[in-house]
Amino acid sequence: MPNSPTPGAPDLLSGLNTAQRAAVTHHAGPLLVLAGAGSGKTRVVTHRIALRLREGLPGHHVLALTFTNKAAAEMRARVDALVGGSTTLPTVGTFHATSARLLRQWAPRIGRSASFTIYDDDDQIATIKRVLKAQGVGEKSVKPSEVREAFDRAKNEGRLPEAADLPPTLLAAGGAGVAEAYEAELLRSNALDFGDLILRVAQLLEREPELAAQLRRRWPVVLVDEFQDTNPAQLRWLRALSPPETQPDLTVVGDDDQAIYGWRGADVRNMLAFEQTWPGACVVRLEQNYRSTGHILAAANAVVAHNAERLGKTLFTDAGDGHRVEVEAFDSPRDEARWVAGRVRALCRDEALGPGDFAVLLRTAALSLDLEEAFRAVGVPAVQVRGRSFYERAEVRDALAWLRLAVNPHDDVAFQRAVGAPPRGVGDTSLDALSKAAAEAQLSLYSRALMPPTSVKAKARSALSTFSGLLDAHRALASSHTPVSQVAQTVLAPLLDAMRAHALTARDRREELSQRVENVERLVVALREFSREQPEASLEAWLERVKLVSDADAVPEGAAVSMLTVHAAKGLEFPVCFVIGFEEGTFPHARALRDGEAGLDEERRLAYVAMTRARQRLTLSWCRERRTFTETHHCAPSRFIGEVPRDHIEARVEPEPIRPAGRAFGAAGRSRGDGQTRRSRDADLYADPVYDDEAGVDGHWRVGMWVWHGDLGRGRVVGVSRGVRTTLQVEFEGVGRRSVIASWVSPYDGP
DNA sequence: CACACCCTACTTTTT
DNA sequence: GTAGGGTGTG
């Protein structure tokens with residue numbers, strides 16, 4: 001982040017430009033800050049909060065809403081750095097996390113208990129599948145994911161899913177009652193889906209004025225980051241909290257050119273119409289960019305200028321022209337990946353840059369496949385900032401299901417999952433019968449399993465009774481004062497024992513099965529870590545965090561190249577960025593183009609976001625051919641490349657034809673007309689100087705100690721290097737040697 | 001009812 | 001290439 005404030009700086013206004021200052025000091029009524037990319041938006045928000053607190057406003061009267069956990073964490077840290085200790089801290093959180101917290105207090109009003117479960121996409125799909133089955137709608141005639149999207153869309157738009165525009169295929173198959181049945185299912189399961197979290201708060205605040213009034217007294221000052229990404233339900237939420245007629249102290253910050261979540265129900269019109277919705281609002285534009293050099297900024301501006309519906313602003317910089325934008329073409333993704341990896345290595349050597357200064361931006365996560373291999377081949381550390389992969393593994397979900405049931409036994413999705421993990425003689429047949437009986441009696445699977453219907457066979461009934469007994473014991477344990485990690489250990493013991501036994505008996509898949517056991521063990525360790533950090537927190541709190549926080553929320557800092565999707569890169573910046581896969585069909589993505597002009601505009605904003613991540617160097621690359629799963633497509637360069645004026649582009653040079661495999665590096669050949677292939681220079685000269693294997697000591701890190709990493713598992717430190725950030729080289733079990741940021745691992749008692 | 005094996009359909013972005 | 005569904009066997 002640019003412009004880091006000096007901790008404890010007495011003057012919150014010094015170093016701000018005129019517009020920033022106006023935004024920080026604005027006092028009366030609603031404020032819209034149009035903040036271009038890299039214009040110091042976070043600085044404005046944090047200074048604005050800090051100024052209020054210094055004026056005597058207690059921190060707990062401030063609510064700051066963000067879109068991602070990453071942004072929330074950063075804002076919290078920066079406000080704390082400005083005012084730390086002098087007052088109570090503001091409430092900073094995502095819309096979803098804040099809503100969840102409120103709804104736990106208000107749970108009875110919506111037919112839930114405080115320990116309700118949050119259903120994510122997969123849980124929604126599982127529920128929908130069961131509902132479809134119960135309604136006799138074949139899964140072949142309707143895709144459950146389409147139904148899910150329809151429900152989501154309805155909730156994002158502030159409608160109940162009963163009013164969802166269901167897919168025509170579903171209606172044709174006679175599934176009109178699906179929405180109602182889905183809602184009933186969630187109610188019985190004591191669960192809420194993501195969309196519910198927002199919509200229910202909005203509805204409660206609208207319907208119960210005293211609740212809204214109470215909340216307004218608690219949070220008279222409200223700030224919203226990334227306002228362009230809010231959906232209609234979130235707007236209702238805000239209107240109820242900060243009614244326009246009261247001229248509330250509401251600050252929203254955003255950039256219509258960076259609206260990239262339309263597909264998830266976000267509506268830029270919230271931003272375009274802010275002045276109509278909150279009459280009398282003041283508008284401040286931040287147009288000076290402190291991030292990128294001139295050519296990069298001009299190129300990005302030129303691309304986004306092709307969009308029609310914009311509030312319109314043009315960013316400028318006084319940082320000088322800098323490097324031109326480089327455009328490279330390749331014959332294949334492999335060549336592209338190798339070239340990028342080689343280029344990173346060369347720049348590390350020539351320009352005093354470290355791997356952490358680089359990012360490779362991807363339109364879709366799958367584009368990273370060739371890159372990983374290429375970076376490995378040249379020995380440059382690179383990590384993909386991925387989504388929720390760890391928590392999506394089957395065995396991890398099984399374990400989570402058991403933990404969820406210990407908190408909320410009525411969670412049907414978890415019940416269905418846990419009853420079959422490990423297998424206990426309750427298969428599809430019994431589960432279908434139980435499910436049907438439960439639906440008829442308006443009971444959760446758990447409740448119905450206590451008195452199983454005769455349609456369930458005797459063997460399965462006894463298995464169900466054993467299972468229910470376990471759940472009862474777990475719940476009793478979870479609601480006692482037993483430490484959460486101990487609860488988890490007990491709850492997961494039967495699953496782990498069964499998995500271990502299975503792993504021992506399996507001949508061919510032993511490796512794989514013990515890996516799964518380890519994953520579940522990792523989950524327990526992660527929970528232990530969590531309860532060490534927050535001794536007061538409940539199992540429920542941890543489960544909520546698992547739902548609402550993704551791996552992508554980890555700030556990709558430090559000593560590795562970041563590979564990340566453009567969506568995940570939003571809000572971040574890197575000295576050097578490569579945007580790969582700039583082809584028609586990939587970026588803009590073919591699926592988005594099907595949505596017509598609006599789809600294309602959003603892709604263009606995505607390109608704008610990607611390009612404006614770069615501070616000093618930006619490379620756009622495309623491939624003449626790209627393989628999807630089976631076939632190879634011939635590709636044309638992205639139209640967005642053509643939208644960059646030539647003056648800002650480094651002369652394009654056609655790469656050499658592909659050389660036969662085996663020549664390892666540099667198949668992409670020369671990039672400049674200097675006649676020197678990358679291979680000959682890079683391979684020989686680059687000696688990895690970034691890490692030393694010296695037995696260094698930094699804080700409590702030392703060579704030989706065991707550490708734990710959330711993703712990579714258990715490993716032994718083999719090197720410590722100090723720099724701006726401490727980096728450890730760790731030999732991870734089953735993973736190999738990796739460089740990691742010290743703050744990402746924790747000490748771990750030996751095996 | 002569980003498991004192994006085969007086949008297919010699939011990849012946009014994620015709170 | 002692979003995950004998840006469908007089918008057949010023990």
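First the proteins, then the strands, lettered A, B, ... as listed; each starts at 1.
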## Note on the structure
Exactly one candidate in A:Asp123, A:Asp122, A:Asp121 meets salt bridge (charged side-chain N to carboxylate O under 4.0 Å, His left out) with A:Lys547; the answer is A:Asp123
### Summary
Sorted by chain and number, sequence neighbours left out, side-chain contact (heavy atoms from CB on, under 4.5 Å) with A:Ser435 holds for A:Arg130, A:Leu445
### Query
If we require ring centres under 5.5 Å and near-parallel planes under 30°, does A:Tyr261 stack on B:dT14?
no
### Message
Between C1' on B:dT15 and CG on A:Asp152, what's the gap in Å once rounded to a whole number?
### Response
10 Å
### Message
From CD of A:Gln234 over to P of B:dT15, roughly how many Å is that when rounded to an integer?
### Response
13 Å
### Query
According to the 5.5 Å centroid and 30° plane-angle thresholds, does A:Phe194 stack upon the nucleobase of B:dT15?
yes
### Query
Rounded to the Å, how far apart are A:Arg605 CZ and B:dT13 C1'?
13 Å
### Query
Mind checking what makes ring pair (Phe, Tyr, Trp, His ring centres under 6.0 Å) contact with A:Phe116, not counting sequence neighbours?
none
### Query
If you draw a 6.0 Å radius around CZ in A:Arg269, do more than 12 non-hydrogen atoms from other residues or ligands fall strictly inside?
no
### Message
When you compare the side chains of A:Tyr261 and A:Asn156, does any donor N or O come within less than 3.5 Å of an acceptor on the partner?
### Response
no
### Message
With a cut-off of less than 4.0 Å, is there a side-chain N or O of A:Thr586 near OP1 or OP2 of B:dT12?
### Response
no
### Message
Under 4.0 Å, heavy atoms only, any strand: does A:His96 hit a base, just the sugar-phosphate, or nothing?
### Response
base
### Message
Applying a 4.0 Å non-hydrogen cut-off, can you work out what A:Ala590 is touching in the nucleic acid: base, sugar-phosphate, or nothing?
### Response
nothing
### Query
Does A:Lys70 put a side-chain nitrogen or oxygen below 4.0 Å from OP1 or OP2 of B:dT15?
no
### Query
Between the side-chain atoms of A:Trp263 and the base atoms of B:dT13, is any donor-acceptor pair under 3.5 Å?
yes
### Task
Rounded to whole angstrom, note down the C1' distance from B:dT13 over to C:dG4.
23 Å
## Note on the structure
Closest to the side chain of A:Ala366, out of B:dT12, B:dT11, B:dT14, is B:dT11
### Query
In whole angstroms, how far is the P atom of B:dT13 from the CG atom of A:Leu367?
9 Å
### Message
Just to be sure I understand the rule, does A:Phe95 reach a base, reach only the sugar-phosphate, or reach nothing, if contact means heavy atoms closer than 4.0 Å?
### Response
nothing
### Task
Return the nearest nucleotide to the side chain of A:Lys129; candidates are B:dT12, B:dT14, C:dG5.
C:dG5
### Task
Starting at atom CZ of A:Arg604, determine the distance to atom C1' of B:dT13, rounded to an integer number of angstrom.
18 Å
### Message
Using whole Å, what does the distance between atom P of nucleotide B:dT14 and atom CD1 of A:Ile125 come to?
### Response
16 Å
### Summary
A:Lys570 NZ to B:dT14 C1', in whole Å, measures 12 Å
### Interatomic distance where CG belongs to A:Asp229 and P belongs to B:dT14 [whole Å]
13 Å
### Task
Please tell me which of A:His589 and A:Leu431 maps to the more 5' nucleotide of DNA chain B, matching each residue to the nucleotide holding its nearest heavy atom.
A:Leu431
